[in-house]
Every structure is written in C-alpha cells, then in structure tokens.
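See below for the structure under consideration.
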Amino acid sequence: MADSSAAAGGGCCRCCSSFILTLGFTALFMWLSLRTSKPVCSIQDIYVPPLNKSENSTYYKIYFDLKLDNENKDKGIYYDALNLTFYYPPNLTTPIGNKTFPGFYQGHKKNARRKDWVEVHGVPWPAAIKAAANGSAVFRVDLATAVRFKVMVWKTKRHKLVVGADVQVNDFGKKVYKKGVRLTSGAPERERYHARTGLLLLVLSVLSLIII
Ligand SMILES: *[C@@H]1O[C@H](CO)[C@@H](O)[C@H](O)[C@H]1NC(C)=O
Ligand SMILES: *[C@@H]1O[C@H](CO)[C@@H](O)[C@H](O)[C@H]1NC(C)=O
Ligand SMILES: *[C@@H]1O[C@H](CO)[C@@H](O)[C@H](O)[C@H]1NC(C)=O
Ligand SMILES: *[C@@H]1O[C@H](CO)[C@@H](O)[C@H](O)[C@H]1NC(C)=O
Ligand SMILES: *[C@@H]1O[C@H](CO)[C@@H](O)[C@H](O)[C@H]1NC(C)=O
Ligand SMILES: *[C@@H]1O[C@H](CO)[C@@H](O)[C@H](O)[C@H]1NC(C)=O
C-alpha cells in the first residue's frame with residue numbers, strides 16, 4: 001500500500017517535472033526567437049569645410065553620413081523621427097546644430113544611410129582650427145529616436161534609442177579614421193535586460209533539474 005502510493009507520487013512528480021522542463025525549454029526557445037537587438041548606429045563620415053587648411057572656407061556647415069544597421073536576423077524595425085544634435089565639446093549645453101529625419105521602416109539585415117549638411121552656429125572657429133592643427137578637434141553627435149520591432153506580424157512597444165559619440169576631425173576637416181564611429185549609449189540597457197532574462201531561465205532550468 002505504502003509502495004504503490006509512493007509509486008503514484010513518483011509518477012505524478014515525473015509528470016510534473018517533465019511539464020516544467022517543457023515549459024522551461026519553450027520559454028528558452030521563445031526568448032531566443034523573440035529577443036531583439038537595437039540597431040547599430042554609426043557616423044561613417046564627417047566633413048567640416050572651415051577646418052580644411054587647404055581652403056579658407058566660410059561655409060559654416062557640417063556634412064555627415066549616418067549609418068543605421070538592423071542586425072536582427074528576422075525582425076524589421078520601425079524608426080520614429082531621427083533627431084540628430086551636434087555639439088562642439090566641451091560645450092554640451094548649447095547645440096551647434098540639429099537635423100531631423102522622418103521615421104521609416106527597415107527590413108531585417110538591412111542598412112540605411114542618411115547623408116546631409118547641417119548648418120552650425122556658435123562654433124569657436126579660431127580655436128577649432130587650432131585644435132584641428134593639433135589633432136584634437138572633436139565634434140559630438142547625438143542621435144535620439146525610438147524604435148519598434150516587427151516580430152512576425154505584430155509590433156513591439158517603443159524602445160528609446162539615445163546614443164552618441166565624439167568624432168575626431170583632422171586639419172583637412174575630415175573624420176580622422178576611415179572606420180565608422182559607433183554611437184553608443186551610456187547605459188547598456190539591452191544587455192542588462194538580456195542578462196536578467198538569461199539568469200531567470202538558468203534558475204528555472206536548475207530548478208527543474210533539482211525536481212527531477
Ligand atoms: C580641402 O580643400 C581642398 C581645396 O579646396 C580640396 O581639394 C580638398 O578636397 C579638401 N579636403 C577634403 C577632405 O575634402
Ligand atoms: C587663408 O588665409 C590666410 C590669411 O587670411 C592666408 O595667409 C592663406 O594663404 C589663405 N590660404 C588659402 C589656402 O587661401
Ligand atoms: C534646430 O535647428 C534649427 C535650425 O536649423 C533651430 O531653429 C532650432 O532652434 C534648433 N533646435 C535646437 C534644439 O537646437
Ligand atoms: C555654449 O555655447 C553657447 C553658444 O555659443 C554659449 O552661449 C554658452 O555660454 C556656452 N556654454 C559654455 C558652458 O561654454
Ligand atoms: C595642443 O596639444 C597640446 C598637447 O597635446 C595641448 O597641451 C594644447 O592645449 C593643444 N592646443 C590646442 C589649441 O588644442
Ligand atoms: C525629436 O524632435 C521632435 C521635434 O523637436 C520631438 O517632438 C521628438 O520628441 C524628438 N524625439 C526624441 C526621441 O527626442
């Protein structure tokens with residue numbers, strides 16, 4: 001009698017743990033297929049004519065080439081309006097210029113470029129020209145927008161995307177390095193979120209192993 005009830009209890013426990021295991025794997029699978037990566041934003045090029053020592057240009061504009069990469073394997077991205085703001089460090093209180101591009105949709109594994117001139121005001125040009133000769137002229141570029149991901153047929157909620165970078169400019173008014181400068185956020189929000197979800201899944205799997 002005691003044996004049979006123990007056997008019945010064991011059967012129920014096995015059934016229960018395999019249920020939990022299935023649940024765990026389903027959760028893991030869903031997490032793997034639903035997780036999203038924010039687009040990679042970078043400044044591919046910058047040209048500042050007044051800093052080009054080969055010409056005494058008074059064309060007070062900055063040319064820029066912004067690249068947006070959707071690295072998700074199977075998720076599209078809906079961008080809200082893209083707000084670009086330019087600063088001449090260390091003055092980060094008053095922007096020297098800004099540009100806004102309308103929102104758009106980007107398919108998976110696609111990249112988009114936004115190239116334009118932005119009018120700038122309040123740059124201390126003589127100091128900037130000296131700094132450029134010194135190899136220390138830097139412009140700050142900030143991008144603020146929000147993105148929604150297209151997962152299969154539905155759209156996720158909006159995720160804020162606020163990133164920026166310092167771009168070094170030489171005495172020809174050109175961006176110093178050929179390679180793009182990646183715009184990054186101070187807080188790696190996505191990684192933190194992913195780490196938390198990953199930890200939860202780990203705890204779940206260990207728990208189901210203990211139960212077995
Ligand atoms: C700098 O100015 C010179 C003379 O106008 C021009 O030939 C050159 O292409 C400019 N440099 C860059 C990086 O555009
Ligand atoms: C730029 O202007 C300075 C002085 O105003 C002059 O000495 C120099 O030759 C000019 N350079 C060019 C490339 O025009
Ligand atoms: C953005 O630039 C426009 C001119 O292009 C200017 O009128 C506006 O004040 C700027 N906005 C900010 C927040 O700097
Ligand atoms: C930043 O630049 C603006 C415009 O040129 C100026 O009015 C302001 O005083 C500057 N702020 C600092 C902290 O240098
Ligand atoms: C040029 O560089 C030196 C050392 O790298 C620095 O001390 C100096 O302030 C710089 N000058 C300008 C005008 O940026
Ligand atoms: C972008 O700029 C527009 C107009 O100034 C503003 O309404 C919008 O909230 C800004 N978006 C972000 C993400 O800052």
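Atoms within a ligand are numbered from 1 in the order they appear, just like the ligands themselves.
To the nearest 0.5 Å, the span separating NZ on Lys130 from CG on Asp171 amounts to 15.0 Å.
Contact annotation: the side chain of Val141 never approaches that of Leu66 to less than 4.5 Å [non-hydrogen atoms, C-beta and beyond].
The single protein non-hydrogen atom nearest to atom 12 (C) of ligand 1 is Tyr47 CE1, 3.6 Å, given as residue, atom name and distance. Of the protein's non-hydrogen atoms, the one nearest atom 10 (C) of ligand 1 is Asn52 ND2, 2.4 Å. Here the protein heavy atom with the shortest distance to atom 13 (C) of ligand 1 is Lys174 CG, 3.0 Å.
The one candidate from Phe64, Tyr63, Phe139 that meets the ring-ring contact (aromatic ring centres under 6.0 Å, His included) condition with Phe86 is Phe64. Looking at Asn170, Asp65, Val181, Val169 one by one, the single match for side chain to side chain contact (heavy atoms under 4.5 Å, CB included) with Lys175 turns out to be Val181.
Under the 4.5 Å side-chain heavy-atom criterion for ILVMFWY residues, no single connected hydrophobic cluster contains both Val48 and Trp117.
Heavy-atom contacts of Asn83 reach the following atoms of ligand 6: 1 (C), 2 (O), 3 (C), 8 (C), 10 (C), 11 (N), 12 (C), 14 (O) (cutoff under 4.0 Å).
Within the 4.0 Å cut-off (strictly below), no protein heavy atom is located near atom 5 (O) of ligand 6.
Inclusion of Ser54 in the set of residues having an N or O under 3.5 Å from an N or O of ligand 1 is not warranted.
Of the heavy atoms in Asp80, none comes closer than 4.0 Å to ligand 6.
The heavy atom nearest to atom 1 (C) of ligand 3, considering only Asn98, Ile96, Val120, Thr85, is found in Asn98.
Remark: Arg35 is not positioned above the aromatic ring of Phe149, lacking an NZ or CZ atom under 6.0 angstrom from the ring centre and at most 45 degrees off the axis.
Taking a 4.0 Å cut-off on heavy atoms, Thr145 registers as neighbouring ligand 6.
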Check against side chain to side chain donor-acceptor pair (under 3.5 Å), Asn98 and Thr85:
CA-CA 4 Å; Asn98 68 82; Thr85 313; over 6 Å; no

